[in-house]
Amino acid sequence: MTFGIDACVTPVFAAGLLDGAVSVTHYLVVGAILFTAGIVCMAVKRNALGVLMGIELVLNGANVNFVAFASPYLRGENAVSLGLDGQVIALFVILLAAAEAAVALAITLNFYNNHSTVDIDRADDLKG
Amino acid sequence: MDLAAQLPFLLGLAWLAPLVSFVAILFFGPRMGHHGKNAAWVATAAIVTSFVLSLAAFGAWLGAHPVKAVAHGSHGADAGHGAEHAEGHAEGHGDAHGGDHGHAAHVPHAYSGDWYTLYQGGDLKLSIGWYIDALTVLMFVVVTFIATCIHVYASGYMHDELHDVTDHEVHLSGGGHLHRPGRFPRFFQALSLFCFSMLGIVIAGNLAMVFIFWELVGICSWFLIGFYYERKSASNAANKAFIVNRVGDFGMLIGLMALWGALGTLHFADTPAADGAGVARPGLFSLVRPAAEGHALRVPDGMVKFSAGREVAKIAAGRAASPADAAAEVSRKVDDWRSMGLGRWLLFVAGVGIFCGCVGKSAQFPLFVWLPDAMEGPTPVSALVHSATMVAAGVYLVGRFYPVLTPDVLLVIAYVGAITLFIAATIALVANDIKRVLAYSTVSQLGYMMLALGVGGWSAGLFHLVTHAFFKSLLFLCSGSVIHACHTNDMRKMGGLARVMPWTAGTMLIGCLAIIGAGIPFVIGLSGYYSKDAILAQTLSFARANPSHSILYLAVAGGAFLTAFYMFRLWFMTFAGQPRDHHVADHAHESPAVMVAPLVVLSVLAVVAGWTLPGGFGLANLLEQARPAGTEATATGGFAFGSLTYPAEHESHEGAIHVTATLTAFSTALAGVLLAAAMYLWRIVSPDVVAKVFRPVYTFLANRWYFDELYHAIFVVPVLAIAKLASANDRGVIDRIIDGLAWGTRQIAGIDAWIDRTLVDGLVNATATATWNAGLELKKLQTGHLRQYVMFIVVGTVALFVLASLLFRTTLAG
């Protein structure tokens, strides 16, 4: 079984999302929505904490994709691995997100201490 | 140890001891006590060691070859030699052919060998080796003995150098005199090196080694003459001595090349074969005087073949197939060619060339001008180097090389000696500097020695060399004592010194008597009496045999008169009469014991050196042991100056000739002394009146025959002119060309610089400016607004997707 965009995406759109059985495509749609919501959140929020939340959304949108692509539907029957690759990477991403959040919150706290605000529009000290 | 091993060992050590001292003083001199005071002890210890070793060698020699009275005319007395010759394998001349000749011709005992080979390639072998015969041993004893005396004397004489010295003869531009540190160790360092070099000449086993040490004594002489090198006159004199000697050495090099090119060896003696039997390689002596010919002189095969080079080449070309046949034919024809006279000019050139070196070193006409100037050196140097030993090296080499000299060369030597002795004696008549009188006297006496060798008086010349070494070093040391006391060299300021300096006056009187050959005729005399008589007798004998050359006898007899006159003029002016300058007279004092002791020792030897003890022991008979083979009999020869007869030397000791010579010597010397006394002691004839009457002659002599002026005009001035021309060429032409090249290079470099600055730098700068400006523009993108960055990323990503979907549509579409 080959895998390609033409092999999975095109038929889904052709058949319609709402009347078909739940498939990888639906997960991808959810991931895309989460991702887009995260990006929009990062782009429009002035509060640094909001931006961090947007980052979490983006990362989790990606996680959904990883897990979806790791589903048995997409894996070949001859695969030799345990079939947990996507989940493992998702765990890594969660881990890294936690670490990143810790660092980012520390930066935010310091920024607050210095500027008495968490408005990222005020954080333009590194302007070129 | 047998004698053949013992002699090189003893004399080799004696030779090297001064070298050790030289090296020690060179490196540690200034640290040897206060101002290097102990350097004198080091050098003296070394030369005393040499003297003791030389004496040991002398004793060993006498033990093996006792000196016997020479039985003239009956060579049967030498019959015992054949047996002796068999003993030593290193015995150069004797053993190879000692037994072959029933008539037992005189062959000198000689030992030779090599210590060290400097270079060996093909025929050429340059080595450090020895050639030891009675003459070598004798010279070792004489040189080391006189050097010992002079080292002791100099340690007193040079004491001024132990402190800082103010040289009153050097005027600085500021008007003051030169102050400099003392140079005591430096003096003894040079003296040690000189002794080493001189002994090297004496012991040398081949001409190449002679030449090496010849040049070494030259450089030592240069060091010592220029000891007070701040004085212009001293440094000029040193350079003059060195350069004039180079002229002679050029001739010597030609002689060396003639010998080596034609004969392929420079060794004096035969080189024995490795197994000890036979001769591996004949030396110069046996090539020129082969034993098979009874040691008669003949042109060696090598020189004949060299001169007949064209014939030899023709034969070789004709029989190219068998080189052995060609060689055989050449050797068959050699005798024919020899009788045609081929090669004799080459031998003549070789002899005269070697003699040229001796002319320079022994200050013979026309190269004698350096020696009087050399008196600028300290007086001990004048005594050792410039009267007793180094200048005698030329005479020694002629004596050593005597077997190779043809009658024609000997005649050249005789005439050069005669001219020298006459010119120098006349100049000495009017000189007023005490050391210059002695210097000209030295030149004159060296002329005597050369003349004696040149008329066949081999032992007479070398006998005079030895006796002269004693009394001339004595005279110089006395003059040094006088100069030390008076602080002047000018005899016109002296006078009446005998009262204050009795020892110096007495010993100098002995020296004067010795040099004029004083003695009671036929009974006893001072050393000079015997040696000068021998020279006169041999010259007379030669003049009788060759009447066309009887002028030589006149020169010798006249020289004896002049010698007596100027020596006693010196003595009377210095020591007799009333003081002429009271400053000098009040100052004068006897020299310290360390200086007087050598005078006494030398004066004793000046008296006794010529004596022959009842058993036959004496210098003359000792020298007879070393007489070159084949020179004991009367010989005739010569091609360039007509046929010459060289009478055997022992004939000159016989009856009529001996009586005439002795009476001539006595009467001329007596006349000279009486004339000197009349002019300078009794004042019967005033010297000033004589000078006035013979004004032109006096001026001519006082200006030293205008030799310096002559050489200045014909050598120095042209050389300077050529030098100026060369310098002008250098500055005007060569420098201009080089300046032009430099100018052109600068112009090209200017163009290069323009290209570099404008094009290359411009390009680099433009790149930099563009990059800078791009950076300035891009800087504006970095707004510092986080949300804008997010927008950029999103827009960028979307743009990339759009771009990719447009460009890779086919792929996306499948």
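Because the structure is a prediction, the values reported are computed rather than measured. By convention in this document, chain letters (A, B, ...) are assigned in the order of the sequence lines, proteins followed by strands, and residues within each chain are numbered from 1. Quick note: numbers below take in every heavy atom, side chains included, and nothing from hydrogens, waters or symmetry partners.
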Under 4.5 Å from any heavy atom of chain B - which part of A/Ala43: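 The answer is both parts of A/Ala43.
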How about A/Met42 and B/Arg787: do any of their side-chain heavy atoms sit closer than 4.5 Å?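 Sidechains of B/Arg787 and A/Met42: no contact.
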Closest-packed option against chain A by number of heavy-atom pairs under 4.5 Å, given B/Thr783, B/Val794, B/Leu778: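 Winner by heavy-atom pair count: B/Thr783.
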With a sphere of 6.0 Å drawn around [atom1] of [X], does it hold more than 12 non-hydrogen atoms of other residues, nucleotides or ligands?
| X | atom1 | value |
| --- | --- | --- |
| A/Arg122 | CZ | no |
| A/Tyr112 | OH | no |
| A/Tyr27 | OH | no |
| B/Arg180 | CZ | yes |
| B/Arg736 | CZ | no |

Using the side-chain contact (heavy atoms from CB on, under 4.5 Å) definition, which of the options B/Gln782, B/Gln788, B/His785 pairs with A/Asp124?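 The single option meeting the side-chain contact (heavy atoms from CB on, under 4.5 Å) with A/Asp124 is B/His785.
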Quick one: CG on A/Asp119 to CG on B/Leu786, what's the gap to the nearest 0.5 Å?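 One finds 11.0 Å between CG of A/Asp119 and CG of B/Leu786.
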